[in-house]
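One structure is given below, encoded as structure tokens.
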Amino acid sequence: YVDERPQSLVHVGEFLIDKYEVSNENYKDFVIAQNHVVPDAWKNNGYLLTRDILGYANLEKLRELAQETYQLDMDIRNLGKEQLLDEIEKKRKQLDALAVTGVDWHDASSYCQWMGKRLPNEMEWEKAARGVNGLEFPWGNEWDAEKVNAGSDPDLEYGVAPVGSYENGKSPCGIYDMAGNCLGRGVGWD
């Protein structure tokens, strides 16, 4: 792109980078262990409401949560409390595999430090995404919407695909989702 010129060749030393984005499940462990701020998305989708917590709600409140927060796509009018909790738990568990969203640079950096890692610098990121040949996209030089979550898949309920969903969109280094979905991964310390 015009604002990315002049292109230059830079030597990037050895580094390790995570193969996958950070999932909600992994980030949840950090949030709990460090008493860290909860991503906004979790406040809206009920991700942190465990079965134990939900068990305190009466049936009417559970039905309201099932429809408004968890958006269960089923007739819940005849479900009892335990059945409703089972369905909510299934829905909540689906969120585990999604890449975490709604975190800023400071959140990501804190997570990486907690994991004994760090965020990649721009040159490391670009090498991991484009490979040594400087590809335009992680998979090559031609755009292919099938190899990335470009926000056009109506089946993605939250607009985010589960981590590792785009096998054919991997970078030459074998890293997933470098051009789409949502991005957030750590680098091992050198």
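Quick caveat, the model's predicted, so the values are computed rather than measured.
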*Does S109 reach the main-chain N or O of W105 with its side chain, forming a donor-acceptor pair under 3.5 Å?*
no
_Looking at L79, is its backbone amide N or carbonyl O close enough to the side chain of R63 to form a donor-acceptor pair, meaning the two atoms are under 3.5 Å apart?_
yes
*With distance as the sole criterion, is a donor-acceptor pair present between the side chains of N26 and S23 under 3.5 Å?*
yes
*Knowing that exactly one of T69, L62, L49 qualifies, which makes a side chain to side chain contact (heavy atoms under 4.5 Å, CB included) with I88?*
L62
*Got W125 and M178 here, is their nearest side-chain heavy-atom distance under 4.5 Å?*
yes
*Answer yes or no: are there more than 12 heavy-atom neighbours, outside N58 itself, under 6.0 Å from its atom CG?*
yes
_Atom NZ of K61 with >12 non-hydrogen neighbours under 6.0 angstrom_ = no
*Under 3.5 Å donor-acceptor, W114 side chain and K117 backbone*: no
*Atom CG in D104, atom NE2 in H106: separation rounded to 0.5 Å?*
6.0 Å
*Does E124 reach the main-chain N or O of N121 with its side chain, forming a donor-acceptor pair under 3.5 Å?*
yes
*With a 4.0 Å cut-off, would you call E87 and K90 a salt bridge?*
yes
_salt bridge (charged side-chain N to carboxylate O under 4.0 Å, His left out) partners of residues 48-59, not counting sequence neighbours, each pair once_ = R51-E82, R51-D86
_Do S171 and W139 have side chains that approach each other closer than 4.5 Å (heavy atoms only, starting at C-beta)?_
no
*Applying side-chain contact (heavy atoms from CB on, under 4.5 Å), name anything that partners N141, two or more places apart in sequence or on another chain.*
L135, E136
_If you compare all heavy atoms of K127 against all heavy atoms of V132, which two are closest, and at what distance to 0.1 Å?_
CE-CG1, 4.1 Å
*Over all atoms of both residues, closest heavy-atom pair of N24 and Y47*: C-OH, 3.5 Å
*asked:* Could you measure the distance from the SG atom of C112 to the CE atom of M115? Nearest 0.5 Å is fine.
replied: 8.5 Å
_Is a donor from one side chain sitting under 3.5 angstrom from an acceptor on the other, for Y20 and D177?_
no
*How are the rings of Y27 and Y111 set relative to one another: parallel (under 30°), tilted (30 to 60°) or perpendicular (over 60°)?*
tilted
_Heavy-atom donor-acceptor pair, E68 side chain to L65 backbone, under 3.5 Å_ = no
*Start with the C-alpha gap between Y176 and E167, add the side-chain angles, then the distance that decides, and say whether side-chain hydrogen bond (donor to acceptor under 3.5 Å, both in side chains) holds.*
CA-CA 7 Å; Y176 285 77; E167 179 74 26; 2.4 Å; yes
